[in-house]
Amino acid sequence: MKKVVSIAGSITVDELADALGIPVVKLIGELFKNGIVATINQKLDYDTAELILGELKLEEEVELERRKVDLPAREEQKLSADAVQRPPIVAIMGHVDHGKTTLLDTLLGKKTAAGEAGGITQHISAYQLEHKKRTITFLDTPGHSAFAALRQHSASLTDIVVLVVAADDGVKPQTVEAIEFAKSSNAKIIVAINKIDKPGADVNRVMAELATDYNMNPEEWGGDTIMVPVSAKEDKNLDKLLEMIFLLADVEDLRADENIPACGLVIESHMEVGRGPIATLLVTGGVLKTGDFLVAAGARGKVRTMLDWQGRPRGKATPATPVTVVGFKDLPNFGDYFAQADSERDARRTAEGNLTRAQENSMNTNVTNLDLLRKMTAIDNSAELNVVVKADVGGSATSVVDSLRLIDTKGLIRLNIIATGVGNITENDLALARGANTVLYGFNVDISPSLKKLAERDGTPVRTFRIIYELLDDAKSEMEKLLAPEVIETVAGSLSVKGIFRDTKSEIIAGGEITEGQISANLIAKVIRDKTEIGELTVLKVQKEKNTVDKAVAGEMCGLSLKKDGKITMQIGDKLEFISREIKARKL
C-alpha cells in the first residue's frame, strides 16, 4: 500500500524525516549531497521535498501530496440595522512643510512638529479630538515622497482627507499624490488652505489652481469642494474646519456595528524592551476589550494592556478608535487586518493557518531551495548591493524598503533586501549583514557601543538615520561605489609620422606633421596603422627645431619623445591620434 505524505506549503526536515520513517540524519545527509545545507528545523518547499524523495531509496513506496489550506478571506462588513453612528476617520495630508503637523498640534494642543527629525512626520500617528461633545479620529501622515506607501495606506483607512495646501506655495507634487490617493479610495476631501498669515499668501490663487488643474471647484464658486482658509500657527478658522468635518461626516452618515467580533487594521507596530511587541490598532468594527484574543495575519496575542492615544489606560475601544495594545506574542505587520478570536486555541490555529497559506502563496514568487541550486551555477555580471533594514516601527520598515526599491539603478545595480525587522540593532542583524557589498541600515533605531565595536572589528558597515531621505541618499551613494568608473576620452589632435629617430625598449623618438588639433606632453598617443589601432604610447615631450615646447598645433612639424610599454613599434606612415583620458565616477 502506497504511503501518502501531505505537505501544506512547506515542511521541516524533522517532520519530513518522521513522515518518511527514516532517521533525520539520513535525510540531512541526502540534502547535503544535493547541495542543500539544512538543519533539523529548516523548512523545505514541496519541490525540494519531491526532489529528495526521488533520491532516497525507500523500502516503502511514498507519494507526496500538495495540501491547500483554504482560510476565509477578509470580507467587507455589511452593516446591520443596529449599526451605530461612529466618529469620522480623518487623514491629514499634503506636501512636506505645508503645515500638516502644526495644524494637528494646534487642534490637539500638542507640540510634536519640532520633535520630528528634519521637521518631517515619519510615521502614521493616530489621535482623537473631542469638539462640542463629538469625536474625530485624526491620522497624521508623512509628507515626504519617500513615505508614499504609508500615505496611500492611510488614505485607504479614511472617510475624509483634509488636504493641507500652503497659501504662499500652492499645489506641489505630494499635494497631487494626496488628491489621487483620496480619490482612488473614495474619501471625501476638505481643503485647508494654510499659512494665510504669511506674506505672499494668495488663497484665490490656490483655489484657482485646484479648480483649473484638478477639477476641485470651491463651494464659494458654485462647486462641491469645501475649502477653508486657516492659519494653524495663529489658530485662525480651525473651529470652522472642525465644523466642516462634522458636516461632511453627517452627510456621509458614517456607521459601524458594535455587536460583532472586534476587527480593524494595524497602523503601527514596534518592539519595546520589557513589554515586547507593541501594536497601534484602529478598530473598524465591534468593540475591542482588554482580555480579548486577537489574530493579525501570522501574529496572535491577548490584549493585556490597552492605551488611548495619550497613553491613558482604557478597557474598551469602539469603532474608529485608535488604541495601543500590549500582548501580541509576535510583532504584527503594518497594514495587517486584525480580528478577534474566540479563544487562545482558535487564535493560535488561525495564525498558524495564515502563516501556512502565506508560505504557500509565496511559492510562486519566492526563491526556493531549487532556485538557489540553479543560481549557484549561473553567472551574473551586474553589481549587487545587499541591505539589511531595521526600523523603529513596521510602517517605517515598509516605507524604507519600498523607497530603496524605487531608486533608479538603470539596470546596473541589483538591490537585495536580505532582511527587515523592527527594533534596535542586534548581534543577529550584524551576522546577517556580514559579507561583501552589504550594508545594515537603521532607521530611528540605536546600536549599543559593544555591537558598534563588533561591527567595526568585522568591517560590517552600519549606518543609522533619523531622516529617511538621508538614508536613501546614502544607499544611492553605496550603489554608485559599485559601478565601474566611466572612461571619458577627448581627442586633442593627430599627426602623420614622417620619421623614426630612435626606438628603444622604453622610448620612441619620432617626428611628423600635425594634421589636426594640437599636441602637448602627457597626452596618450594611439598608433593607427592601416586603420587598425595597434597600441598606445604616452607623450613625454614635444620639440620644435630641437627646442622643447608646451605644444604644437595643426600645420606644424614637430618631434616627439614617446614612452612605450611592451613590444609596440612605429613605422613611417603611421597615424598618431592624441587623446586625453579621464576616469570619472559614475552616478545613478
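- The shortest non-hydrogen separation linking L79 to A256 is CD2-CA, 3.9 Å.
- The shortest heavy-atom contact between A91 and T158 is CB-CG2, 3.2 Å.
- Here D82 pairs with nothing under the salt bridge (Lys or Arg N to Asp or Glu O under 4.0 Å) rule; sequence neighbours left out.
- Closest non-hydrogen pair, P88 versus T135, comes out as CD-O, 3.4 Å.
- Partner of R86 under the side chain to side chain donor-acceptor pair (under 3.5 Å) criterion, chosen from T318, T137, D159: D159.
- Of the possible polar contacts, one joining the S269 side chain to the P332 backbone as a donor-acceptor pair under 3.5 Å is found.
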Does the side-chain contact (heavy atoms from CB on, under 4.5 Å) test come out yes or no for M216 and V171, once each step is laid out?
-> CA-CA 12 Å; M216 296 172 64; V171 176; over 6 Å; no

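- The shortest distance between side-chain heavy atoms of V228 and V162 does not fall below 4.5 Å.
- You'll find the side chain of L307 reaches within 4.5 Å of the side chain of P313, heavy atoms only.
- In terms of the side-chain hydrogen bond (donor to acceptor under 3.5 Å, both in side chains) criterion, residue partners of D474 (sequence neighbours excluded) are, by chain and number, Y441, R463.
- Annotation: the span from D292 atom CG to M306 atom CE amounts to 7.0 Å, rounded to 0.5 Å.
- Note that CD1 of I193 and OG of S231 are 13.0 Å apart. Values are rounded to the nearest 0.5 Å.
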For L430 and L451, run side-chain contact (heavy atoms from CB on, under 4.5 Å): C-alpha distance rounded to whole Å, both residues' side-chain angles, the deciding distance at 0.1 Å, then the answer.
-> CA-CA 8 Å; L430 295 182; L451 288 182; 3.9 Å; yes

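- Counting only heavy atoms from C-beta outward, the side chains of E258 and V287 approach each other to under 4.5 Å.
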With a 3.5 Å cut-off and sequence neighbours excluded, list the donor-acceptor pairs that the side chains of residues 233-247 form with protein atoms.
unit_1 : atom_1 : unit_2 : atom_2 : d
E234   : OE1    : K236   : NZ     : 3.4
N237   : ND2    : P229   : O      : 2.7

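- A heavy-atom distance below 4.5 Å is found between the side chains of I417 and R405.
- Atom CG in D14 sits 8.5 Å away from atom CD1 in I28 (nearest 0.5 Å).
- Looking at residues two or more places apart in sequence or on another chain, you find no salt bridge (Lys or Arg N to Asp or Glu O under 4.0 Å) involving D18.
- With N386 contributing its side chain and T438 its backbone, the two residues share no donor-acceptor pair below 3.5 Å.
- Between I278 and V326 there is a side-chain heavy-atom pair separated by less than 4.5 Å.
- For the pair F338 and A296, the tightest heavy-atom approach, listed with the atom from each and the gap, is CB-CB, 3.9 Å.
- For D253, the CG atom is densely surrounded, since the number of other residues' heavy atoms within 6.0 Å is greater than 12.
- Formation of a donor-acceptor pair under 3.5 Å by the N194 side chain with backbone atoms of V164 is not found in this model.
- For the side-chain hydrogen bond (donor to acceptor under 3.5 Å, both in side chains) test, residues two or more places apart in sequence or in another chain that qualify with S448 are S450.
- Judged as a salt bridge (Lys or Arg N to Asp or Glu O under 4.0 Å), and not counting sequence neighbours, R348 has no contacts.
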Can you list the steps and then say if D346 with F293 is a side-chain contact (heavy atoms from CB on, under 4.5 Å)?
-> CA-CA 9 Å; D346 286 343; F293 295 100; over 6 Å; no

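- We find the CG-CG distance between D336 and L294 to be 12.5 Å, quoted to the nearest 0.5 Å.
- Q128 places a side-chain heavy atom less than 4.5 Å from the side chain of T321.
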What's the verdict on side-chain contact (heavy atoms from CB on, under 4.5 Å) for V325 and L288, showing C-alpha distance, side-chain angles and the deciding distance?
-> CA-CA 10 Å; V325 165; L288 182 64; 4.3 Å; yes

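- Counting only residues at least two apart or on different chains, the salt bridge (charged side-chain N to carboxylate O under 4.0 Å, His left out) pairs with a member in residues 309-324 are D308-R312.
- Judged as a side-chain contact (heavy atoms from CB on, under 4.5 Å), and not counting sequence neighbours, the contacts of D330 are A299.
- With contacts defined as side-chain heavy-atom distances shorter than 4.5 Å, the pair N333/V266 does not qualify.
- Shown here are the side-chain contact (heavy atoms from CB on, under 4.5 Å) partners of A17, two or more places apart in sequence or in another chain: I22, V24, L27.
- For the pair A126 and P322, the tightest heavy-atom approach, listed with the atom from each and the gap, is CB-CB, 3.4 Å.
- Across all non-hydrogen atoms, the minimal contact from A341 to V295 is CB-CG2, 4.3 Å.
- Every side-chain contact (heavy atoms from CB on, under 4.5 Å) that E180 has, sequence neighbours left out, goes to V176.
- Atom CD of E252 sits in a crowded spot, with more than 12 heavy atoms from other residues, nucleotides or ligands closer than 6.0 Å.
- The salt bridge (Lys or Arg N to Asp or Glu O under 4.0 Å) check on K390 picks up D429, with sequence neighbours excluded.
- Residues satisfying the side-chain contact (heavy atoms from CB on, under 4.5 Å) test with N428, not counting sequence neighbours, are T426, L432.
- Looking at V303 and V323, their side chains never come closer than 4.5 Å, going by heavy atoms from C-beta outward.
- If you take CG on L129 and CG on L104, they are separated by 8.5 Å, rounding to the nearest 0.5 Å.
- For R466 and D446, the salt-bridge test passes: some basic side-chain N is under 4.0 Å from an acidic carboxylate O.
- In this structure, Q85 CD and D250 CG are separated by 6.0 Å, a value rounded to the nearest 0.5 Å.
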